[in-house]
Amino acid sequence: MTTFQVPQRMNFAAVSPKVFKAVLALDAAAREGLDPVLLELVQIRASQINRCAYCIDYHTGDARKAGESEDRIYQLSGWEESSLFTEKERAALALTEAVTLLPGGVPDTVYEEAARHFEEKELAQLIALVFTVNAWNRMNVTTRKTPGTP
């Protein structure tokens, strides 16, 4: 099999270490108190939407380490049609899509369903996680960070 190597445009961490470290700190703060498996599902889904190959690769590996099954990882892009996700996970994934896409804001129904499954503090952490993974996606897609690189 022949593969195509997408050339990386820049090593953002080396060029702008202060910004990179700030996003790392934001990422660490956003993760606090969230279930590790749910956290990875959210990050994979946002990364799928944003077409960030580096982040999909990275978070898929972390999801496996957290105990996520292959079937659920494979079905994540079609979670709405899958029976493998809990109501709480579905609420988190719907919120992830709404915050990532922002076509017309986050619909009240989506927010209210998430609020039904997450206490306010946990919901705030989930929202922070989604906007943080979107920052990573935008950084890595723009610079063409290559999957499998540090």
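Since the structure is predicted, the reported quantities are computational estimates derived from the model, not experimental observations.
In this structure, E120 places its CD atom where only 12 or fewer heavy-atom neighbours from other residues, nucleotides or ligands lie under 6.0 Å away. Within 6.0 Å of CZ in F118 there are more than 12 heavy atoms belonging to other residues, nucleotides or ligands. Within 6.0 Å of CD in E112 there are more than 12 heavy atoms belonging to other residues, nucleotides or ligands. In this structure, F85 places its CZ atom where more than 12 heavy-atom neighbours from other residues, nucleotides or ligands lie under 6.0 Å away.
Residues H59 and E40 come closest through the heavy atom pair ND1-OE1, 2.9 Å. The shortest heavy-atom contact between L76 and L41 is CD2-O, 3.5 Å. The minimum heavy-atom distance between P107 and G105, with the atom names listed, is CD-O, 3.4 Å. In this structure, R138 and T100 approach most closely via the heavy-atom pair NH2-O, 3.9 Å. Between I56 and I44 the shortest heavy-atom distance is CG1-O, 4.5 Å. Here the closest heavy-atom approach between residue P103 and residue A98 is recorded as CD-O, 4.2 Å.
A salt bridge does not link R90 to E87: none of the charged side-chain nitrogens sits closer than 4.0 Å to a carboxylate oxygen. Taking 4.0 Å as the cut-off between side-chain N and carboxylate O, K88 and E113 do not count as a salt-bridged pair. A salt bridge links R72 and E89; the closest N-O separation between the charged side-chain nitrogens and carboxylate oxygens is under 4.0 Å.
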(request) Report the C-alpha distance between V42 and L95 in whole Å, list the side-chain angles of each, state the deciding distance to 0.1 Å, and finish with yes or no for side chain to side chain contact (heavy atoms under 4.5 Å, CB included). (result) CA-CA 9 Å; V42 164; L95 184 64; over 6 Å; no
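Under the 3.5 Å distance criterion, the side-chain polar atoms of Q75 are left unmatched by any main-chain donor or acceptor of E80. Of the possible polar contacts, none joining the Q125 side chain to the L34 backbone as a donor-acceptor pair under 3.5 Å is found. Looking at R31, its side chain never comes within 3.5 Å of a backbone N or O of L129 through a donor-acceptor pair. A donor-acceptor contact shorter than 3.5 Å links the side chain of N140 to the backbone of W136. Counting only distance, with no hydrogens or angles, the side chain of N11 and the backbone of A13 share a donor-acceptor pair below 3.5 Å. Between the Q8 side chain and the M10 main chain, a donor and an acceptor come within less than 3.5 Å of each other. When atom types are taken as modelled, the side chain of N134 and the backbone of V130 share a donor-acceptor pair closer than 3.5 angstrom.
Considering NZ of K145 and CG of N137, their distance stands at 13.5 Å, rounded to 0.5 Å. Expressed to the nearest 0.5 Å, how far CG of L101 lies from OG1 of T96 amounts to 10.5 Å.
L102 and V133 sit in two unconnected hydrophobic clusters of ILVMFWY residues. Membership requires side-chain heavy atoms under 4.5 Å apart, directly or through other members. L126 and Y111 fall within the same hydrophobic cluster, defined by Ile, Leu, Val, Met, Phe, Trp and Tyr side-chain heavy atoms under 4.5 Å apart, directly or through other members. Under a hydrophobic clustering in which Ile, Leu, Val, Met, Phe, Trp and Tyr are joined whenever their side-chain heavy atoms come within less than 4.5 Å, directly or via other members, V37 and L93 fall into the same cluster. By the rule that hydrophobic residues join a cluster once side-chain heavy atoms approach within less than 4.5 Å of another member, L84 and W79 end up as members of one cluster. Cluster annotation: F131 is connected to L39 through the hydrophobic network of ILVMFWY side chains, with a link wherever side-chain heavy atoms come within less than 4.5 Å.
Taking the side chain as every heavy atom from C-beta outward, V141 and R51 never approach each other to under 4.5 Å. You'll find the side chain of M139 stays beyond 4.5 Å of the side chain of Y54, heavy atoms only. Taking 4.5 Å as the limit, some side-chain heavy atom of Q43 sits within range of a side-chain heavy atom of D27.
Between F20 and F12, the ring-plane angle classifies as tilted under the 30° and 60° cut-offs.
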